There are 2 protein chains.
Amino acid sequence: MAKKQLIMEKALELFAKQGFEATSVQQITDHCGISKGAFYLSFKSKDELIVALIDHFMRQFTADIDYVVNHEQNDADLLYDFYYTTFQSFNKHSDFAKILMKEPTQSFNEELFTKLHNYNKSIEKVILSMIDRLYGEQANDLKYDLAFCIKGFMNTYSELFLLYKLPIDLDLLARSLVEKTDLLAKNMTLSFISDELIQMIDQPLNEERTLDQIVEIVEKNIEDMEDSIEKESLILLKHELLEPSQHPAIVKGLLENIRQHPHCKWAAYLLRRHFGIK
Amino acid sequence: MAKKQLIMEKALELFAKQGFEATSVQQITDHCGISKGAFYLSFKSKDELIVALIDHFMRQFTADIDYVVNHEQNDADLLYDFYYTTFQSFNKHSDFAKILMKEPTQSFNEELFTKLHNYNKSIEKVILSMIDRLYGEQANDLKYDLAFCIKGFMNTYSELFLLYKLPIDLDLLARSLVEKTDLLAKNMTLSFISDELIQMIDQPLNEERTLDQIVEIVEKNIEDMEDSIEKESLILLKHELLEPSQHPAIVKGLLENIRQHPHCKWAAYLLRRHFGIK
DNA sequence: CATACTAATGACTACACGGTCAATTGTCAA
DNA sequence: TTGACAATTGACCGTGTAGTCATTAGTATG
């Protein structure tokens, strides 16, 4: 298992520097100090590696901003926290963010394209729920436009420190984007993106998580973990999934236990949604 | 010469569908109904083909929007015409636009990266001149932010019809973006992107700084500063420039000391690059 | 120490790519 | 019809790739 981590870390560095296609398995294994055969003990193919990387980081990122949006009590700070967390995350995982920016979104296989599309949708969902909470009906017709603008800000401003390694004042960046977003939300009148348009985009790619899928993911997580409070919490949560019996407060506590564990963020996110707990 | 046109057209289709790396010369020539040898009569290499494509379309696009911005007499229509022309062009040359969106900006060679950067700069220049004409001093500090927002709108909204082939009401799109842009221009107060930041982006691509130049800049910085930890750090870093002797960890620490100092950002940036420290 | 088992290796295969060039075909003036 | 020249071909080359597997090294057990 540790081998898998090592490969993912080292491969990430190379992918960010040279791109996915341009990096050979040989280079990766050299960089890890292992043999080529060992690589194929951890991953069935090079494609499986890139999928694992994308899952790992996108889950973490989605879970992070979802948590922020659901746990910030003060409406006045919500947007700021969202932007701050987002860019902090981009900054921390800049190697991965670079890959996402640079790689030809669709020249991978179809499966990966849908996967990325779905993560994109999850993020959009978080953004939309934030918009709804802050501006409610006031911006109902305009919510998709607003979400698109927010995504546009995220994309364009992140280039600044991903392509060029510039020193960034995260606080100022977040504040300036809050202002922009707030201005648009409160004064826009013309909506371009309608419900219909969104439906046309989503149509072919609907996919809901079933209980079984969540259980499966949680179980996989449990296997990979060392004995700890977090592992115990996950096991208890798994039982709760199959046979709900505990008080919501207990469930919430268990979720809080695993929230910060890097490998549990995605599971925590799915569980939070499943149990309907903020 | 007609052969060259044919190859460019057919190759464009394949690149848009599969990406540049994933398309072989054999596939291109098959698609053209010519032999592989014939390809190399028109282009010295596959790289030369992609360069030709990028030049062809970027020149056209840059020239198009430049013309619109310079020839629209009526200020009231300027923004609208800009957006309308832009998206019309994206739509007309959607195959090429797709390539631009999808291709790993830097996994080509360095030459191509600079080339794209320069086209990007040309477009930014057009946008900035438009902002200047419409909002003049009113938005002077905010012009770069405004330009970034406009580029963000262009990127994000164009995805709608590049990735998903949706029918687009160009007129509504342009009008809605004009409203957004105008709102931001007239009400923003917080600027994130300063002249200094823009300089940092442009500098390293023009030419690599020599050691002497860096020393000179650092020395100027030291002179201008009052006695402080930051000044001491800078002095130590200057010695390190001339006679490398310290451990990387120490260098990194010194850089961290001056990172937040407003007048040191540029020097810190150059030093980070010089010492190869993230 | 011997045995059984797992983890790790790297030479190897099969293949696809960009690019070359001797050989072939097409063209047209004499 | 001939011959000189230009245009075009596609088999071929060197290189580098993803992925395999017989072999070896390492480790735990009786």
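Residue numbers begin at 1 in each chain, while the letters A, B, ... track the order of the sequences. Only a predicted model underlies this, so the values are computations on that prediction, with no experimental measurement involved.
Shown here is A:Leu41, whose CG atom has more than 12 heavy atoms of other residues, nucleotides or ligands within 6.0 Å.
Sorted by first and then second residue, the salt bridge (Lys or Arg N to Asp or Glu O under 4.0 Å) pairs involving residues 84-97 of chain A (not counting sequence neighbours) are A:Asp95-A:Lys98.
Between B:Asp66 and B:Lys125, no side-chain nitrogen of the basic residue sits less than 4.0 Å from a carboxylate oxygen of the acidic one, so the salt-bridge criterion is not met.
Rounded to an integer number of Å, the gap from CD of A:Gln18 to C1' of D:dT17 is 14 Å. The interatomic distance linking A:Phe43 (CZ) with D:dT20 (C1') rounds to 18 Å, in whole Å. Per the geometry, CG belonging to A:Leu41 stands 14 Å off P belonging to D:dG19, to the nearest Å. One interatomic measurement links the two molecules: CD1 of B:Ile34 to P of D:dT9, which rounds to 7 Å at whole-angstrom precision.
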Could you please spell out the steps behind the side chain to side chain donor-acceptor pair (under 3.5 Å) verdict for A:Gln246 and A:His239?
-> CA-CA 10 Å; A:Gln246 306 283 2; A:His239 292 157; over 6 Å; no

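A distance below 6.0 Å separates the ring centres of B:Phe61 and B:Phe90. Aromatic ring centroids of B:Phe39 and B:Phe43 lie under 6.0 Å apart.
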Polar atom pairs (N or O), protein with nucleotides 14-20 of chain C, under 3.5 Å:
from, atom 1, to, atom 2, distance (Å)
C:dG18, OP1, B:Lys46, NZ, 2.8
C:dG18, OP2, B:Val25, N, 2.8
C:dG18, N7, B:Lys36, NZ, 3.0
C:dG19, OP2, B:Tyr40, OH, 3.0
C:dG19, OP2, B:Lys46, N, 2.9
C:dG19, N7, B:Lys36, NZ, 3.2
C:dG19, O6, B:Lys36, NZ, 2.5

